[in-house]
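Here the structure comes first, spelled out in structure tokens, and everything after it is commentary.
Residue indices begin at 1 and follow the sequence shown.
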Amino acid sequence: QVQLVESGGGLVQAGGSLRLSCAASGRTFSSYTMGWFRQAPGKDREFVSAISWNGDNTYYADSVKGRFTISIDNTNNAVYLQMHSLRPEDTAVYYCALGPYGSYALPDYGCWGQGTLVTVSE
């Protein structure tokens, strides 16, 4: 069983930056994708970004392209989401999740962290 723990959320002004971290522990797999998803108040959870286990492939939602960067550190079993130029509409609980290789479809992800809240003020 894999456990995922997110950290790094907080309150930031519009235009600011935050770096989210996700620490993974427990059983690992030979190939997988790590994803970041978010859920704003009153809205469905949505895909933000994903990265293959070897870092070769990255995926981004159109809404965050050019502003967010995902990275993975297999030595430390961690995945990161660097967020720049934050906007109020980025306000959400951000979740780290483990999914099958090559997928960024939310239903494919079966292991989730507890989430970390990001609030972007005007």
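- No chain of hydrophobic side-chain contacts below 4.5 Å, direct or via other Ile, Leu, Val, Met, Phe, Trp or Tyr residues, connects Tyr80 to Leu20.
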Go through the steps for Phe47 and Tyr60 under the test side chain to side chain contact (heavy atoms under 4.5 Å, CB included), then give the verdict. CA-CA 8 Å; Phe47 169 77; Tyr60 295 95; 5.6 Å; no
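- Transitive grouping of hydrophobic side chains (ILVMFWY, heavy atoms separated by less than 4.5 Å) keeps Val64 and Leu117 in distinct clusters.
- With respect to Asp90 and Arg87, no salt bridge is recorded, no charged nitrogen being found less than 4.0 Å from a carboxylate O.
- Within the 3.5 Å criterion, the main-chain N or O of Ser103 finds no donor-acceptor partner in the side chain of Tyr59.
- Atom CD1 of Ile51 sits about 6.0 Å away from atom OG of Ser71, to the nearest 0.5 Å.
- Relative to the six-membered ring of Tyr95, Arg38 misses at least one condition, a distance below 6.0 Å or an angle of at most 45° to the axis.
- Val2 and Tyr94 fall within the same hydrophobic cluster, where Ile, Leu, Val, Met, Phe, Trp and Tyr residues are linked whenever their side-chain heavy atoms come under 4.5 Å apart, directly or through other members.
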Using side chain to side chain contact (heavy atoms under 4.5 Å, CB included), reason through Cys96 and Val79 one step at a time and then give a plain yes or no. CA-CA 8 Å; Cys96 172; Val79 63; 3.8 Å; yes
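- Closest of all the heavy-atom pairs between Leu86 and Leu18 is CD1-N, 3.9 Å.
- A pairwise comparison of heavy atoms in Arg45 and Leu106 identifies O-CD1, 3.5 Å as the closest pair.
- Within 6.0 Å of CD in Gln13 there are 12 or fewer heavy atoms belonging to other residues, nucleotides or ligands.
- Under the 4.5 Å side-chain heavy-atom criterion for grouping Ile, Leu, Val, Met, Phe, Trp and Tyr, Trp36 is connected to Tyr101 within one hydrophobic cluster.
- In this structure, Ile70 and Met34 approach most closely via the heavy-atom pair CD1-O, 3.9 Å.
- No donor-acceptor pair under 3.5 Å is formed between the side chain of Thr33 and the backbone N or O of Ser52.
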I'd like to know whether Val48 forms a side chain to side chain contact (heavy atoms under 4.5 Å, CB included) with Leu81, so could you lay out the CA-CA distance, the side-chain angles of the two residues, the decisive distance to 0.1 Å, and finally the verdict. CA-CA 10 Å; Val48 175; Leu81 186 68; 4.2 Å; yes
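- Here CZ of Arg67 is found 12.0 Å from OG of Ser49. Values are rounded to the nearest 0.5 Å.
- Between Pro88 and Ala14, the closest heavy-atom pair is CD-CB, 4.1 Å.
- Using modelled atom types, no side-chain atom of Glu6 and backbone atom of Thr116 make a donor-acceptor pair closer than 3.5 Å.
- Heavy atoms from other residues, nucleotides or ligands lying under 6.0 Å from OH of Tyr104 number 12 at most.
- With hydrogens and angles disregarded, a donor-acceptor distance shorter than 3.5 Å links the side chain of Asn54 to the backbone of Asp56.
- Remark: side-chain polar atoms of Asn74 are not paired, donor with acceptor, to backbone N or O of Asn77 under 3.5 angstrom.
- Judged purely by atom type and a 3.5 angstrom limit, Thr91 uses its side chain to pair as donor or acceptor with the backbone of Val120.
- Shortest non-hydrogen contact noted between His84 and Ser17 is ND1-OG, 2.7 Å.
- Atom CG of Asp44 sits in a sparse spot, with 12 or fewer heavy atoms from other residues, nucleotides or ligands closer than 6.0 Å.
- Ring orientation note: the planes of Tyr109 and Phe37 are nearly perpendicular, at an angle over 60° on the 30°/60° scale.
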Begin with the C-alpha distance, continue with both residues' side-chain angles, and end with the deciding distance and a verdict on side chain to side chain contact (heavy atoms under 4.5 Å, CB included) for Val12 and Ser121. CA-CA 6 Å; Val12 63; Ser121 62; over 6 Å; no
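- In this structure, Gln3 CD and Ser25 OG are separated by 4.5 Å, a value rounded to the nearest 0.5 Å.
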